[in-house]
Number of protein chains: 2
Amino acid sequence: MAKTVEQIANDLNLSVTTVRLVLNGKAEQYRISAKTQARINQHVELYGYTLNHSARSLKLNKTDTLGLIVPNISNVFFATLAEKLELRCRRSGYQLTISCTYNDVDYENKLVRALIDRNVDGLFIVPSTLENQQHHLRQVKKPLVLLDRDFKYTDNALVESHNVEGGQRLTENLLAAGASPVWFLVGDTALPSIRDRLEGYLNALKKHGIEHRDWVLSVNENTPEGGKLIMNQLLDAHGAPDAFIASSLPMLEGAIEALRDRLGEVPQQINIGTFDEHPMLGFLANNVWSMQQDENAWAEQAFDIMQNALDGHPLKETIKVKMKLIKRTRRA
Amino acid sequence: MAKTVEQIANDLNLSVTTVRLVLNGKAEQYRISAKTQARINQHVELYGYTLNHSARSLKLNKTDTLGLIVPNISNVFFATLAEKLELRCRRSGYQLTISCTYNDVDYENKLVRALIDRNVDGLFIVPSTLENQQHHLRQVKKPLVLLDRDFKYTDNALVESHNVEGGQRLTENLLAAGASPVWFLVGDTALPSIRDRLEGYLNALKKHGIEHRDWVLSVNENTPEGGKLIMNQLLDAHGAPDAFIASSLPMLEGAIEALRDRLGEVPQQINIGTFDEHPMLGFLANNVWSMQQDENAWAEQAFDIMQNALDGHPLKETIKVKMKLIKRTRRA
DNA sequence: GTGAAAGCGCTAACAT
DNA sequence: ATGTTAGCGCTTTCAC
């Protein structure tokens, strides 16, 4: 397949420079004779030419590769984000390499090192903890775009959803539906995004003159197990709820499981709110409001910032992407 | 951060060879003096050393990188497979780069070219069509492991689930539950995996002395839209079913949507079978049987084959991984 | 026990 | 308009 520039040059008794110029479309600019161009093009047509990225990388000290580090991609949100980002990167000639941390703090640091060692040109990271974030900021001397979690203590560029506003809007819609209380099942307030959603929830309550901070039930893991635990507590203390919001899909999964385990079914009149959209939310017979994150917008914004940084214009902005409410109403 | 081998050698007035030998743990083998070793180790301790992968790749004509091409990763099965495969590859020092085709036939070919151009050492591919498969077999001169879809016309190594057996077992379990007919909603029989599931279904019927081929309803896209269309047809012709099997999760999503749209709810007594497992299947109030694919086993097997091929022992086997049945029973 | 040097294929600076 | 060359950092072969 291959054929190197030098081989082509030799075959045609030309210099590498000449061949390179036409290969790179600079033929006109350097006024390579039409005849030479034709000879080269024909040769390439015949034997092909594929640029050797390793050689190019060695020379230019860049790989035209970007890294993405997320907790996992079996989570639809991160999976979709990865898809959009990969597409956006490829559109500009970058290969994106995706890696998952599985929320393992040490493994995350190792991943960063592995990608830096492979000389990626820049890195998109969803850090697991503040410590991880600080570690990365120290280690990574390349363009870095933080995603999803604003742990503060840095002015590095960051893209996230507008969780406060989203949380508020979601809550207001559930409040408007009438059922009360609207419990808020919150997993892991160590995560800024979760904290912001909670803040939005409280804002909405306050706006409606409600001050029931005891409607908030929290646990310290953002997982199905956490959701199950907390829903069981709720059932113990108050029986079946009329309405609740889960701070994320994994929490919701656990909460629903608890309801089925304890009540034998998920009472259809419960109004449910959740963050992150998924087609299977339609499997619930209930009214379901889901606050969707806009992965496409994230990808565009994050890549823009990266592009600028690669061009030597590092930006320090925090972008908050608007969320979108999806309503599923059950038939009366 | 960096420091090259040559820099270290210069700093210590040694030759690159000596430095390399201790860096690569061949110190004992070549009996480098303890003193020299100490000096080198100390220097590295102090200033660090990171191997330049680009230079190494250029010299050795390999990148220690493998490629994975799947339809998309917003599909949990492929996402999980990608996760497991990435872990397995990293464990052996390979970086995995994941790309999605979105079922775009041309884009898929471009992706293969892009990865080959970047000189990946080998490729795992879920081909979209037979034509794609043949294209890849022609283009890819490197180790290639096909995944998920046995389009035949090749003896290339391939890893897939044992869909026939899985389909049969799933069907038998639904038949045993008593409800009848057990409809089979099948999307896109152009996909070998789907065809095998159907075959398993028919085997089960036959085994039970049932010959109702008209229980099979098919459409030509394996999507929510396909599932919706087909369930609507079923509702038109026979009313609400007592039991059905969906050939994949996307199909099930559409089928459930149709039920809700038409009946206002998903009748709880319907027994549902599906392929691929997902926690949110628990959102259905129904009995749900799901036939789960074992991504971990796929990853292990696929990597093994790849490893062998990279070591110069190309294998031509087709591996069929056993599936696992998950049962969700509703409370009476 | 340690050293020297060629060469992987590309780019960019400098010739003509 | 086209040619020459150095060098990116590594590996490998050969030499003392």
*State yes or no: are the ring centers of B:Trp298 and B:Phe124 separated by less than 6.0 Å?*
no

_Show me the dot-bracket string of DNA chain C, counting Watson-Crick or G-U pairs under 3.5 Å, with | for pairs to another strand and [ ] for crossing ones._
||||||||||||||||

_Partner residues of B:Glu83 under the salt bridge (charged side-chain N to carboxylate O under 4.0 Å, His left out) criterion, sequence neighbours left out_ = none

*Just call it for B:Thr36: base, sugar-phosphate, or nothing, with non-hydrogen atoms closer than 4.0 Å on any strand.*
sugar-phosphate

*Sequence neighbours excluded, which residues qualify as ring-ring contact (aromatic ring centres under 6.0 Å, His included) partners of B:Phe78?*
none

*Any salt bridge between B:Asp121 and B:Lys62, counting N to O under 4.0 Å?*
no

*How many Å lie between CG on B:Asn13 and P on C:dG3, as a whole number?*
9 Å

*Give the B/S/- string for nucleotides 7-16 of chain D, one per nucleotide from 5' to 3', where a protein heavy atom under 4.0 Å of the base yields B, of only the sugar-phosphate yields S, and otherwise -.*
BBBBBB----

*Could you list the residues that satisfy side chain to side chain donor-acceptor pair (under 3.5 Å) with B:Asp11, not counting sequence neighbours?*
B:Lys3, B:His43

Show me the donor-acceptor pairs within less than 3.5 Å that the side chains of residues 302-315 of chain A make with the rest of the protein, sequence neighbours left out.
from	atom 1	to	atom 2	distance (Å)
A:Asn308	ND2	A:Asp304	O	3.1

*Is B:Arg91 salt-bridged to B:Glu300, going by a charged N under 4.0 Å from an acidic O?*
yes

*Only one of A:Thr63, A:Asn61, A:Thr65 clears side chain to side chain donor-acceptor pair (under 3.5 Å) with A:Asn119; which?*
A:Asn61

